[in-house]
Amino acid sequence: MRKLILCLCLLIGSMAAKAQCGAVNDAIKPGETLSYELKFNWKFIWINAGWAKMTVNEATYKGMPCLRTDLESYTNKKIDFFFKMRDTLTCITTKDLVPVYFRKGAEEGKRYTVDEVNFSYRNGLCIVDQQRTLRGNTDKHHDEMEVCVYDMLSILLQARSYDPTDYKVGQKILFSMATGRAIEKQTLIYRGKEDFKSENNVTYRCLVFSLVEYTAEGKEKEVITFYVTDDRNHLPVRLDMYLNFGSAKAFLTNIEGNRHPLTSIVEEGK
């Protein structure tokens, strides 16, 4: 009986942690595919740099029905001469968007790293086992947190399911993210609404968010600015990325399998 009660307590604790870290998925359905064009800023000129594709599909992970999200980013041959990038990210979440596994393989320049994160939940804790492998050396970390921890894809999936109706300009959304090496506090700031005209001449009404870091002096440093459609899909249609070697942008070029009608379209392309 004692063991049975203990097992029930562990199960309830696990379910509580998952419930706290999950979200009602109202934005995404399996089969969604988003294609992007990448552009880099080179000496004040924006040049075509490559492509990215994000897909969401059903998956089974440790016997549990899940969602698998894959994001691939590639530079083209012209850019490879200056800076080669081959990034492949995989995120597995439960159906209610609780993260359970994340992997990032990143070939950037002459450097190749693999980050892996395993998430588990017990007694109300989020347990994070992560590691980074670089040049054959693996650095492992184990953390047990009383707060929810996400990876860079699962937090994007969760954010797409948030209801922004009552957001105020300047409002901050705080969360913890596993990077493969550590758990870092991150800040997302709501910037307001703005119309964005895509590469195929479709104009979307967008919600704008900024992912920021803070300097030692406490000043905000923009890392990524997200433009997401102001409809129930919350599709990322534009990302502005501020990198160590310059800046880059990703523009949505094709949408397949969106869950809801694109009511954010202000003007159709001609």
Side-chain angles (χ1 to χ4, degrees), residues 28 31-57 59 68-92 101-117 131-139 151-157 160 177 179-181 196-204 206 210-211 213 221-229 235-258 269-270:
I28 305 154
E32 180 185 89
T33 300
L34 307 177
S35 300
Y36 294 87
E37 181 180 60
L38 303 179
K39 293 190 176 184
F40 284 172
N41 185 271
W42 183 260
K43 297 182 178 179
F44 306 105
I45 299 174
W46 287 99
I47 57 176
N48 293 332
W51 59 270
K53 179 180 285 188
M54 184 163 64
T55 59
V56 181
N57 292 290
R68 170 175 172 150
T69 303
D70 292 287
L71 174 62
E72 300 174 276
S73 303
Y74 285 68
T75 49
N76 59 37
K77 291 183 178 180
K78 288 183 180 179
I79 296 298
D80 284 350
F81 181 79
F82 301 100
F83 182 81
K84 184 178 181 180
M85 181 181 71
R86 301 285 188 275
D87 286 0
T88 55
L89 287 72
T90 296
C91 160
I92 298 177
Y101 176 76
F102 173 76
R103 183 186 188 278
K104 177 185 178 183
E107 181 181 359
E108 297 174 350
K110 296 181 179 180
R111 188 170 180 263
Y112 182 73
T113 59
V114 176
D115 296 328
E116 282 191 278
V117 186
Q131 63 182 42
R132 168 167 290 185
T133 302
L134 172 64
R135 300 187 183 94
N137 298 314
T138 300
D139 186 21
D151 55 77
M152 61 179 61
L153 283 183
S154 63
I155 191 60
L156 173 60
L157 299 178
R160 288 180 57 188
M177 187 170 75
T179 65
R181 291 186 301 173
F196 164 66
K197 189 173 184 178
S198 68
E199 296 292 284
N200 55 4
N201 293 321
V202 178
T203 301
Y204 298 94
C206 293
S210 295
L211 180 67
E213 293 177 346
K221 179 184 177 184
E222 199 95 2
V223 180
I224 307 175
T225 302
F226 302 88
Y227 293 72
V228 300
T229 57
L235 297 172
V237 295
R238 169 180 164 184
L239 291 84
D240 295 356
M241 297 160 279
Y242 307 94
L243 310 172
N244 292 331
F245 57 85
S247 55
K249 295 181 186 290
F251 298 105
L252 184 66
T253 57
N254 191 55
I255 305 168
E256 296 178 16
N258 47 293
K270 296 181 180 179

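Just the heavy atoms: all of them, side chains too, but no hydrogens, waters or symmetry mates, feed the values below.
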Just jot down the side chain to side chain donor-acceptor pair (under 3.5 Å) partners of [X], sequence neighbours excluded, or say none.
X     : result
Ser73 : none
Asp70 : Arg68, Thr90
Thr75 : Asp80, Arg86

If you take all heavy atoms of [X] and [Y], which pair is closest and at what distance?
X      : Y      : result
Tyr101 : Asp151 : O-OD2, 4.4 Å
Val117 : Gly180 : CG2-N, 4.3 Å
Arg238 : Lys249 : NH2-NZ, 3.4 Å
Ala250 : Leu38  : CB-CD2, 3.7 Å
Lys39  : Trp46  : O-CZ3, 3.6 Å
Cys91  : Leu157 : SG-CD1, 4.5 Å

Can you tell if the side chain of Phe102 reaches within under 4.5 Å of the side chain of Ser154, non-hydrogen atoms only?
-> no
Can you find a pair of side-chain heavy atoms, one from Leu34 and one from Ile255, that are under 4.5 Å apart?
-> yes
Atom pair [atom1]/[atom2] of [X] and [Y] - distance to nearest 0.5 Å:
X      : Y      : atom1 : atom2 : value
Asp115 : Arg181 : CG    : CZ    : 8.0 Å
Glu37  : Leu252 : CD    : CG    : 11.0 Å
Met152 : Leu89  : CE    : CG    : 6.0 Å

With a 3.5 Å cut-off and no angle check, do the side chains of Thr33 and Thr55 form a donor-acceptor pair?
-> no
Test item: side-chain donor near acceptor, Glu222 and Ser210, under 3.5 Å = yes
Looking at [X] and [Y], would you say the former's side chain and the latter's main chain have a donor-acceptor pair under 3.5 Å?
X     : Y      : answer
Asn76 : Asn48  : yes
Tyr36 : Met54  : no
Ser35 : Thr253 : no

Among residues at least two apart in sequence or on other chains, which ones pass side-chain contact (heavy atoms from CB on, under 4.5 Å) with [X]?
X      : answer
Trp51  : Lys53, Glu72, Tyr74
Glu108 : Phe83, Met85, Asp87, Lys104, Ala106
Arg111 : Thr113, Arg132, Leu134

Relative to each other, are the rings of Phe196 and Phe251 parallel, tilted or perpendicular (30° and 60° limits)?
-> parallel
